[in-house]
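A quick write-up on the structure given underneath.
Please read all numbers here as calculations on a predicted model, not as lab measurements.
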Amino acid sequence: MNVTAQDEIGGYVEEVRQALGGLPAATRDELLEDLPEHLAEVLAEGGGTLVERLGSPSAYAAELIASAGIATGVTDAPSSPGGRFRDLRDRAGEATRRADVRVGPLLGYAKASDFLILLRPGWWVLRGYLAAMAFAYVFDDNSAPLGLLPRIGGSGNELVALLFLGAAVVGSIWLGRRGEPAGRMPRLLFRAGTVALAIYAVVGFFEADGYSRQSGSMDVNYVSQYDGVQDVFVYDGQGRLVQNAQLYDQWGNPIQFGEPGCIDSATGNWSASRSLGYPYCPEQAPFRNGGATPAPTPSFLTQPSPTEPAASPSAPGVANASPSRE
């Protein structure tokens, strides 16, 4: 018997056991004694799932009670909270089965569950990866962003991360081969962990997408020390302002700083620049000529040449004269 059949039989038996919860323990165990073998024979005959062949677990439990001649008053009445819950659960299960049959042909199978069963090994591998990443995230020291490998505590050792990841994947495959736990509480915890990992996968996907978008937008600023630059002013060798200048790196990529606009010092309003290059705001140049006086030359153009000899200092009030010969 394959793992899928064992899972189906175990789940069906457990739900029948819950439906018989109002009976004494000895009576309930007696009714369930030969049930797994009977369900295995039903599945071996083929023709559909246990629910399709025998009906819902609650209905099957009612048949067991009736066949044993036990009064039905010991079970939950339909009007009780437990009975209403089981009725809603049966209706939801029936709706799920109908959707399973309707969606199946769209995937090329009689039922969608037949296609999902083929994806189980892939999910086992993905579950192991997600579990390793979630474990590393919980025990991360936040010293470095979480990458694609589960580095525990921010460790940069790739070998340790790969070994831990491999162990998590192998463990997940082992759990998948065993199937769901037989007990009710272990099975609920198992399913809750699966749902938590699925939610973690969705959240991690959107976070990774956000990081990739942020990293692409940061390519505009080549050096972090220029993050606060709003405009660029280019001067020629004579100290004159060059307008509509274009900046490129050694590969021909344009270098962009700031935003192409100006802020009016009087009103504080921002307006788009009409310049095709740098500077965006020529009127805000640090070295400019007001019209009456020549523009001051930038300091980087007035530095003495390294080969030019510096003038010898002279004392104040003393002329620089050559010594006389007597």
Apply the hydrophobic cluster definition, ILVMFWY joined by side-chain contacts under 4.5 Å directly or through others, and give me every member besides [X].
{"X": "Phe206", "result": "Val202, Phe205"}
{"X": "Trp174", "result": "Leu175"}
{"X": "Val170", "result": "none"}
{"X": "Leu189", "result": "Met185"}

Arg97 CZ to Ser113 OG distance, which is reported to the nearest 0.5 Å: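 These two atoms lie 11.0 Å from each other.
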
Hphob cluster co-occupancy, Leu148 + Val169, side-chain heavy atoms under 4.5 angstrom: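 Per the 4.5 Å side-chain linkage, Leu148 and Val169 are co-clustered.
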
Single-linkage hydrophobic cluster, 4.5 Å side-chain cutoff, Val103 and Val101 together: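 Per the 4.5 Å side-chain linkage, Val103 and Val101 are not co-clustered.
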
Which heavy-atom pair separates [X] from [Y] by the least distance, and what is that distance?
{"X": "Ala112", "Y": "Asp100", "result": "N-OD1, 2.7 Å"}
{"X": "Gly128", "Y": "Ala168", "result": "O-CB, 3.4 Å"}
{"X": "Arg177", "Y": "Trp124", "result": "CD-CZ3, 3.9 Å"}
{"X": "Leu247", "Y": "Val232", "result": "CD1-CG1, 3.9 Å"}

Close side-chain approach of Tyr12 to Ser56, heavy-atom, < 4.5 Å: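 With C-beta onward as the side chain, the pair stays apart.
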
Heavy-atom check, side chain of Lys111 versus side chain of Thr49, under 4.5 Å: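 Yes, at least one pair of side-chain atoms sits under 4.5 Å.
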
CA sep, side-chain torsions, deciding dist, call: Phe233, Phe287, ring pair (Phe, Tyr, Trp, His ring centres under 6.0 Å): CA-CA 9 Å; Phe233 301 90; Phe287 308 104; 9.2 Å; no

For Pro57, the option from Glu14, Glu15, Arg17 that meets side chain to side chain contact (heavy atoms under 4.5 Å, CB included):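 Filter result, single survivor: Glu15.
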
With sequence neighbours excluded, residues passing side chain to side chain contact (heavy atoms under 4.5 Å, CB included) with Thr96: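 Here no residue qualifies.
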
For Asp114, all residues meeting salt bridge (charged side-chain N to carboxylate O under 4.0 Å, His left out), sequence neighbours excluded: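 Counting only residues at least two positions away or on another chain, Asp114 forms no salt bridge (charged side-chain N to carboxylate O under 4.0 Å, His left out).
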
Working for ring pair (Phe, Tyr, Trp, His ring centres under 6.0 Å), residues Tyr280 and Tyr278: CA-CA 5 Å; Tyr280 296 138; Tyr278 291 111; 4.9 Å; yes

